[in-house]
A.B. asks: 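Please see the structure below; I have some questions.
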Amino acid sequence: QCEEAAYEERQYPSGKWACVTKGEPMYEQSISMSFMKLMRYICKENSVGCHLGMTIPVVNEIHLTKEGTKLEREVVTAYYLPRVFQQNPPVPMDPEIHITERAPLRVITRVFYGMTTEETILREISLFWNLLGSRDTVLRETYIVASYENPSIPQRRNEIWFICQA
């Protein structure tokens with residue numbers, strides 16, 4: 001049977017990201033509010049006053065509670081700055097947006113489709129752990145949800161990233 005690969009390992013270089021942290025009652029509220037702030041920054045609310053250009057994926061860094069059964073409220077939503085702005089990122093007009101230099105990242109990633117809710121993310125994390133088996137080299141409390149398409153697309157492509165320890 002020919003199927004998509006169950007998962008793959010990737011290496012991402014260091015780079016500058018525009019990040020917003022929100023801790024709304026629901027995960028979906030946090031990412032929606034953060035993404036709207038980032039879109040305003042991308043579209044014009046920045047020190048150069050121009051459209052910066054969209055990059056994908058947009059990533060959401062999440063943390064599990066100690067019990068591992070729920071997501072912590074605080075979610076970091078991040079947009080990778082286009083190459084032309086990596087050296088000198090435009091300053092956001094919104095004080096809630098922070099430009100952060102992220103270190104190189106090695107991840108093990110798996111694709112899933114549809115909406116990203118707390119329920120679907122917890123299910124995907126569980127399925128991925130079952131598929132992957134026990135790994136001491138992967139973080140167990142921090143994960144990344146990467147989205148590649150507009151949130152309004154019903155069966156949009158997402159990935160869950162398991163972060164490898166340095």
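Only this structure's heavy atoms are used, side chains among them; waters, hydrogens and symmetry mates stay out. Bear in mind the structure is a predicted one, so any value in this text is a computation, not a measurement. Residue numbers start at 1 and run along the sequence shown.
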A.B. asks: What pair of heavy atoms forms the shortest contact from R140 to L64, and how long is it?
C.D. replies: O-CD1, 4.0 Å
A.B. asks: Take R83 and T55 through the side chain to side chain donor-acceptor pair (under 3.5 Å) test and state the conclusion after the steps.
C.D. replies: CA-CA 10 Å; R83 182 173 287 135; T55 61; over 6 Å; no
A.B. asks: Report yes or no: do Y148 and E159 form a side-chain donor-acceptor pair below 3.5 Å?
C.D. replies: yes
A.B. asks: Assess the residue pair L105 and I163 against the criterion (side chain to side chain contact (heavy atoms under 4.5 Å, CB included)); give the C-alpha distance rounded to whole Å, side-chain angles, the decisive distance to 0.1 Å, and a yes or no.
C.D. replies: CA-CA 7 Å; L105 186 66; I163 303 165; 3.7 Å; yes
A.B. asks: Using the salt bridge (charged side-chain N to carboxylate O under 4.0 Å, His left out) rule, collect all pairs that involve residues 113-126, keeping only residues at least two apart or in two chains.
C.D. replies: R73-E118, R110-E124
A.B. asks: Does a side chain donor of either T109 or W161 reach within less than 3.5 Å of an acceptor in the other side chain?
C.D. replies: yes
A.B. asks: Does the pair E9/R106 count as a salt bridge with the N-to-O cut at 4.0 Å?
C.D. replies: yes
A.B. asks: Write down the atom of Y41, the atom of A18, and the distance for their closest heavy-atom approach.
C.D. replies: CE2-CB, 3.8 Å
A.B. asks: If you draw a 6.0 Å radius around CD in E101, do more than 12 non-hydrogen atoms from other residues or ligands fall strictly inside?
C.D. replies: yes
A.B. asks: Treat each ILVMFWY residue as a node, draw an edge where side-chain heavy atoms are under 4.5 Å apart, and state whether V145 and I108 are in one component.
C.D. replies: yes
A.B. asks: If two hydrophobic side chains count as joined below 4.5 Å and joins carry through other members, does F162 share a cluster with L71?
C.D. replies: yes
A.B. asks: Taking side-chain hydrogen bond (donor to acceptor under 3.5 Å, both in side chains) as the definition, give me every residue that meets it alongside N150, ordered by chain and number, with sequence neighbours left out.
C.D. replies: S152
A.B. asks: Decide whether M26 and I31 are clustered together by the hydrophobic rule: side chain heavy atoms of Ile, Leu, Val, Met, Phe, Trp, Tyr closer than 4.5 Å, transitively.
C.D. replies: no
A.B. asks: Any side-chain donor paired with an acceptor under 3.5 Å for S147 and N158?
C.D. replies: yes
A.B. asks: Return yes when atom CE of M115 has more than 12 non-hydrogen atoms of other residues, nucleotides or ligands closer than 6.0 Å, and no otherwise.
C.D. replies: no
